[in-house]
Amino acid sequence: MPDVALVDRMRPGDHVCWTFADDRERRRVAGGWVRAGLRDHHLVVYRTGAPDALAELADERIDTRAAIGSGRLRVLPVDQNWLVTGAFDADAADQEFAADLGQALHSGYAGLRAVADMGWAARRVPGAEQLGRYERRLNRRIADGYAMALCLYDRRLFAEPRMSELTRAHPASVTERSTRYGSPLLRMVRCPGGLRLFGEADLSNRDAFAAVLGHLLEDSPAPDVTLDLTELRFADATSCRLVVTVARDSGGRVRTTGARPSLRRLLTLQGAHGVPGLLPPVAP
């Protein structure tokens, strides 16, 4: 089982898929996430399908009465929130997340820390097929750098290829193969004039990466956008091709900075030199 200490390595801008195989792990991870959010002065929103969620949090040494009473913690049963109409609506869920984030910032919190147990999507719920779209869209909200989200998926309920589809919608995943030394694989955070990328972009987070890059210009107030690759340790060929394609389609409005030599070579192989301004000249 991955070490719950991984929760403390997550930061605003992270959107993480945590897969678990037993209820004890789910309780510990959710409890660690909520506890860290209260410690860091975040607004914590927990959407859960567990009927005894408050008791579970109390077992994790969280004073739920005080946290809920102060407004710092909201525990929302999924059936009374996302599924109150009997169906899941990705657009409505996205707007709820935006409202939660707006409330957090308006109320003076350091940010929003959301956690949701996605076990409901394994049932025959109308609209459950929209979940992947919701997860991909959520990356654009979180890239502003004021929110973080943890999505809990029970490996006993989700079979392949559905699990892989949902995992790829997240920039980072924690699975049974993750170690206590791990950290979120990819983080995408907007900055003045562009987007900063941290970690690694590969097959495991390709859909999340594509969702953010595909709306890069739409989501940026600046006329031109810079991708800061200084902290991007690795990107596979397909991820580099996506960067080149987005830059080419932008008509020269997208450029990069800080690419490591190995990453420059791979971008070049994918056609970066055919896109004016995408790769800055190498200093002599």
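In what follows, residues are counted from 1 in the order of the sequence shown. Please read all numbers here as calculations on a predicted model, not as lab measurements.
- One finds a salt bridge joining R162 and E165 here, because a Lys/Arg side-chain nitrogen approaches an Asp/Glu carboxylate oxygen to under 4.0 Å.
- Looking at R168 and M163, their side chains never come closer than 4.5 Å, going by heavy atoms from C-beta outward.
- V189 belongs to a hydrophobic cluster with F198, counting contacts under 4.5 Å between side-chain heavy atoms of Ile, Leu, Val, Met, Phe, Trp and Tyr, direct or through other members.
- In this structure L157 satisfies the side-chain contact (heavy atoms from CB on, under 4.5 Å) test together with A122, D154, sequence neighbours excluded.
- A donor-acceptor pair is defined here as one N or O able to donate and one able to accept, closer than 3.5 Å; no such pair exists between the side chain of T268 and the backbone of A272.
- To the nearest 0.5 Å, atom CZ of residue R141 and atom CG of residue D94 are 4.0 Å apart.
- In terms of the ring-ring contact (aromatic ring centres under 6.0 Å, His included) criterion, Y146 has no residue partners (sequence neighbours excluded).
- Within the 4.5 Å cutoff, side-chain heavy atoms of L73 are placed close to those of L57.
- Using the six-membered ring where Trp is involved, Y153 and F158 have ring planes that are perpendicular, over 60° apart on the 30 and 60° scheme.
- When atom types are taken as modelled, the side chain of D14 and the backbone of R11 share a donor-acceptor pair closer than 3.5 angstrom.
- Looking at E56 and R26, a side-chain N of the basic residue comes within less than 4.0 Å of a carboxylate O on the acidic one, giving a salt bridge.
- Two residues are said to be in side-chain contact when any heavy atoms from C-beta on lie closer than 4.5 Å; H15 and E135 meet this criterion.
- Its side chain within the 4.5 Å cluster rule, L269 clusters with L266 among the Ile, Leu, Val, Met, Phe, Trp and Tyr residues.
- The side chain to side chain donor-acceptor pair (under 3.5 Å) test applied to Q103 returns R74, not counting sequence neighbours.
- Under the 4.5 Å side-chain heavy-atom criterion for Ile, Leu, Val, Met, Phe, Trp and Tyr, V115 and L54 are members of the same hydrophobic cluster.
- Rounded to the nearest 0.5 angstrom, D89 CG and Y134 OH are separated by 11.5 Å.
- Sorted by first and then second residue, the pairs that involve residues 41-54 and meet salt bridge (Lys or Arg N to Asp or Glu O under 4.0 Å), not counting sequence neighbours, are R47-E96, R47-D100.
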For a side-chain contact (heavy atoms from CB on, under 4.5 Å) check, start with the C-alpha distance between V225 and R255, then their side-chain angles and the critical distance, and finish with the verdict.
CA-CA 6 Å; V225 177; R255 62 203 63 190; over 6 Å; no
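- In terms of heavy-atom proximity, G37 sits nearest to R113 at CA-NE, 3.2 Å.
- Residues passing the side chain to side chain donor-acceptor pair (under 3.5 Å) test with T256, sequence neighbours excluded: none.
- Between R27 and D59, none of the side-chain N atoms (NZ, or NE/NH1/NH2) sits under 4.0 Å from a carboxylate O, so this pair counts as no salt bridge.
- Atom CZ of R156 is surrounded by more than 12 heavy atoms from other residues, nucleotides or ligands within 6.0 Å.
- Ring-plane geometry between W120 and F88 is classed as tilted, the angle between the planes lying from 30 to 60 degrees on a 0 to 90 degree scale.
- Linking Ile, Leu, Val, Met, Phe, Trp and Tyr residues whenever their side-chain heavy atoms come within less than 4.5 Å leaves V45 and V7 in two separate clusters.
- Residues satisfying the side-chain contact (heavy atoms from CB on, under 4.5 Å) criterion with R72, sequence neighbours excluded, are L38, S70, Y109.
- Residues C191 and R196 approach most closely at SG-CG, 3.4 Å, considering heavy atoms.
- Every residue two or more places apart in sequence or in another chain that forms a side chain to side chain donor-acceptor pair (under 3.5 Å) with S204 is listed here: D202.
- To the nearest 0.5 Å, atoms CG (N139) and NE2 (H215) are separated by 10.5 Å.
- Residues passing the side-chain contact (heavy atoms from CB on, under 4.5 Å) test with R264 are A259, L279, P280, V282, sequence neighbours excluded.
- By the 4.5 Å heavy-atom criterion applied to side chains, V212 and R136 are not counted as neighbours.
- Side chain of N205 to backbone of A208: no donor-acceptor contact under 3.5 angstrom is found.
- Placement of W18 and V44 within a single hydrophobic cluster is found when ILVMFWY residues are connected by side-chain heavy-atom separations under 4.5 Å, directly or transitively.
- Inter-residue side-chain proximity for M10 and V16 is flagged as met; some heavy-atom pair is nearer than 4.5 Å.
- Looking only at atom types and distance, the side chain of T19 has a donor-acceptor partner in the side chain of R155 under 3.5 Å away.
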Show the numbers, then the answer: is there a side-chain contact (heavy atoms from CB on, under 4.5 Å) between R137 and F97?
CA-CA 11 Å; R137 182 182 297 180; F97 188 91; over 6 Å; no
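- Between W33 and Y46, the ring center distance fails the sub-6.0 Å criterion.
- Interatomic distance, CG of L263 versus SG of C240, reported as 5.0 Å (0.5 Å rounding).
- For the atom pair CG (L216) and CG (L227), the distance works out to 5.5 Å, reported to the nearest 0.5 Å.
- In this structure, L101 and L105 have side chains that are in contact, with non-hydrogen atoms separated by less than 4.5 Å.
- Between T48 and L76 the shortest side-chain heavy-atom distance does not fall below 4.5 Å.
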For V84 and D79: C-alpha separation, side-chain torsions, deciding distance, then whether side-chain contact (heavy atoms from CB on, under 4.5 Å) applies.
CA-CA 5 Å; V84 68; D79 288 339; over 6 Å; no
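- Every residue meeting the side-chain contact (heavy atoms from CB on, under 4.5 Å) condition with R39, not counting sequence neighbours, appears here in chain and number order: D8, A36.
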Let me see the working for D228 and T230 under side chain to side chain donor-acceptor pair (under 3.5 Å), right down to the final yes or no.
CA-CA 6 Å; D228 186 342; T230 307; 2.6 Å; yes
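- Residues that satisfy the side chain to side chain donor-acceptor pair (under 3.5 Å) test with S164, not counting sequence neighbours, are E160.
- In this structure, L150 and V29 have side chains that are in contact, with non-hydrogen atoms separated by less than 4.5 Å.
- Residue M118 is grouped with residue V125 when hydrophobic side chains (ILVMFWY) are merged at heavy-atom distances under 4.5 angstrom, including chains of intermediate members.
- For the atom pair CZ of R260 and CD of E231, the computed distance is 6.5 Å after rounding to the nearest 0.5 Å.
- Both L267 and L195 belong to a common hydrophobic cluster when Ile, Leu, Val, Met, Phe, Trp and Tyr are linked at side-chain heavy-atom distances under 4.5 angstrom.
- Under 4.0 Å is where a charged nitrogen must lie from a carboxylate oxygen, and between R133 and D91 at least one such pair does.
- Closest non-hydrogen pair, A149 versus I142, comes out as CB-CD1, 3.6 Å.
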Verdict with reasoning, L112 to H42, per side-chain contact (heavy atoms from CB on, under 4.5 Å):
CA-CA 5 Å; L112 171 68; H42 293 145; over 6 Å; no
